[in-house]
Amino acid sequence: MTVTDAHLSIALPGRGNHVLAEPGEWTKPSSPITSRKVYAAAHVIPRATADNTPGAPADIDWEATLSYRHELWSYGLGVADAMDTAQRGMGLDWSATAELIRRSGAEATAAGGMLACGAGTDQLDIDTLPSGAAGLTAVLDAYREQIAVVGESGATIIIMASRALARVAQSPDDYVSVYTTLLSEVDCPVILHWLGTMFDPALQGYWGSDDVEEATAVFRGLIEANSTKVDGVKVSLLDAQHEIALRRTLPPNVRMYTGDDFNYPRLIIGDERGHSDALLGIFAGIYPAASTALQELDRGNVRRAEQILRSTEDLGRHIFTSPTYYYKTGIAFLSWLRGRQSGFSMVGGLASGRSVEHLTTLFVLADKAGLLTDPELAIHRMGLYLELNGVRS
């Protein structure tokens with residue numbers, strides 16, 4: 001680390017000497033954000049000395065993990081917990097997930113924070129699932145177990161896409177039957193989550209078709225038939241035009257929560273025919289900027305809000321670059337650079353999911369976006385990471 005003209009700088013591989021910019025002038029809201037309903041999908045932080053290797057049960061640092069959620073609430077954002085950002089199906093087992101939901105629910109109640117949690121079927125072993133009606137019954141029962149845990153926590157229920165359902169369903173009718181049954185049983189409106197194969201290849205052919213338009217027709221029909229039980233839908237297909245078209249056909253009471261971590265500025269700002277709310281993994285990384293942009297929207301400063309969101313767009317696209325399902329590694333790395341966790345570690349060994357080159361570019365883009373809020377700490381930790389990986393200045 002060197003100091004030049006009162007600015008911190010660091011030698012980066014392939015980039016020479018990088019001088020850090022000043023952090024952005026981010027603010028916390030003095031009153032609830034009202035222009036958009038927004039959730040940041042938060043990650044989990046393991047105990048530093050735990051067995052954080054592939055296949056080992058998740059061992060969570062509860063203090064650090066819950067502190068991160070309080071940080072998001074302090075910026076006026078809701079928290080979407082136990083989602084794919086929290087490594088569902090990629091290191092976070094159901095036992096740890098259930099504990100996460102219970103603990104986050106208690107913290108949300110104490111803090112007055114908005115919370116939604118994912119209910120899925122990942123306690124099932126999809127390789128041993130029976131076929132036909134027995135398989136669909138197993139999926140329903142697994143969903144019911146998880147929905148009960150979320151409901152008891154006080155959080156809004158997010159019905160997540162199910163690898164098990166994708167395995168046993170034989171037609172669109174099977175999807176409609178399972179979801180219709182679940183929606184008939186819930187007491188409060190839920191959020192439906194459609195996760196694309198770029199996030200999880202095991203969800204190929206969800207809603208009964210590989211054709212997006214055919215799948216969308218099934219999804220839309222389900223929503224229209226059960227609109228009083230649907231608060232909103234989170235669509236994570238990374239296709240802005242598809243989201244806009246679907247958004248314009250949703251029943252008036254059903255929100256579109258964008259899950260598009262590539263095109264969120266455009267979708268959240270919207271147009272003369274509406275806008276998307278948000279449930280985004282990238283917001284767990286850019287929350288100071290996201291909150292400040294939403295505060296500007298509340299004040300009617302649309303142009304400034306869009307400028308702030310677009311200033312983070314390159315970082316978002318980089319973090320979610322292919323293979324997209326490793327985006328969690330970038331979220332955790334950014335958390336570590338900013339001092340929100342003591343070490344760059346992840347459950348299931350996922351800290352190795354991105355290369356030195358990728359994380360070096362992330363560092364530069366986060367700095368460009370003004371999101372390295374403690375530049376000296378960020379420089380120190382980036383230097384440690386590079387040294388550990390054999391990069392000499």
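This is a predicted model, so every value here is computed, not measured.
In this structure, Thr292 and Pro288 approach most closely via the heavy-atom pair OG1-O, 2.8 Å. For the residue pair Leu297 and Ser35, the shortest heavy atom distance occurs at CB-OG, 3.4 Å.
Scanning for salt bridge (charged side-chain N to carboxylate O under 4.0 Å, His left out) contacts around Lys28 gives an empty result, with sequence neighbours left out. In this structure, the salt bridge (charged side-chain N to carboxylate O under 4.0 Å, His left out) partners of Asp59, at least two apart in sequence or on a different chain, are Arg47. With sequence neighbours left out, Val178 forms a side chain to side chain contact (heavy atoms under 4.5 Å, CB included) with Leu136, Val139, Leu140, Tyr143, Leu165, Leu182. Qualifying side-chain hydrogen bond (donor to acceptor under 3.5 Å, both in side chains) partners for Asp211, counting only residues two or more places apart in sequence or in other chains: none. Here Arg381 pairs with nothing under the salt bridge (charged side-chain N to carboxylate O under 4.0 Å, His left out) rule; sequence neighbours left out. Take Glu107 and apply the salt bridge (charged side-chain N to carboxylate O under 4.0 Å, His left out) test, not counting sequence neighbours, and it matches no residue. Listed by chain and number, the residues in a side-chain hydrogen bond (donor to acceptor under 3.5 Å, both in side chains) with Asp374 amount to none (sequence neighbours excluded). Thr249 pairs by the side chain to side chain contact (heavy atoms under 4.5 Å, CB included) definition with Arg220, Leu246, not counting sequence neighbours. Annotation: side chain to side chain contact (heavy atoms under 4.5 Å, CB included) contacts of Pro172 (sequence neighbours excluded): Val218.
For the pair Arg310/Ile269, no side-chain contact is recorded, criterion being any heavy-atom separation below 4.5 Å from C-beta on. With a 4.5 Å cut-off on side-chain heavy atoms, Tyr68 and Val79 do not count as touching. Trp62 has its side chain within reach of Glu99: a pair of non-hydrogen atoms, C-beta onward, lies under 4.5 Å apart. The shortest distance between side-chain heavy atoms of Leu100 and Asp81 falls below 4.5 Å.
Aromatic rings from Phe333 and Tyr385 are positioned such that their centres are separated by under 6.0 Å.
Cluster membership for Val149 and Val44, using ILVMFWY side-chain heavy atoms within less than 4.5 angstrom, is not shared. When hydrophobic clusters are built by joining Ile, Leu, Val, Met, Phe, Trp and Tyr residues whose side-chain heavy atoms come closer than 4.5 Å, directly or via intermediates, Val233 is grouped together with Phe199.
The stretch residues 166-192 participates, sequence neighbours left out, in these ring-ring contact (aromatic ring centres under 6.0 Å, His included) pairs: Tyr175-Tyr206, Tyr175-Trp207, Tyr179-Trp207.
Looking only at atom types and distance, the side chain of Asp84 has a donor-acceptor partner in the side chain of Tyr327 under 3.5 Å away. A side-chain donor from one of Ser162 and Thr121 sits under 3.5 Å from a side-chain acceptor of the other. A donor-acceptor contact closer than 3.5 angstrom links the side chains of Ser67 and Arg340.
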Subject >> side-chain hydrogen bond (donor to acceptor under 3.5 Å, both in side chains) evaluation trace for Thr361 with Arg15 >> reply: CA-CA 9 Å; Thr361 300; Arg15 293 176 177 272; 3.0 Å; yes

**OP:** Dump the intermediate steps for salt bridge (Lys or Arg N to Asp or Glu O under 4.0 Å) on Arg303 and Glu306, then the final yes or no.
**Re:** CA-CA 5 Å; Arg303 184 173 181 181; Glu306 185 170 12; over 6 Å; no

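With a 4.5 Å cut-off between side-chain heavy atoms of Ile, Leu, Val, Met, Phe, Trp and Tyr, the cluster of Ile244 takes in Leu267. Under a 4.5 Å side-chain heavy-atom criterion applied to ILVMFWY residues, the cluster that includes Met83 comprises Tyr39, Met114, Ile158, Met160, Ile191, Tyr257, Leu279 as well.
Crowding of Phe344 atom CZ: a count of heavy atoms from other residues, nucleotides or ligands under 6.0 Å exceeding 12.
Under the 3.5 Å distance criterion, the side-chain polar atoms of Asp61 are left unmatched by any main-chain donor or acceptor of Ile45.
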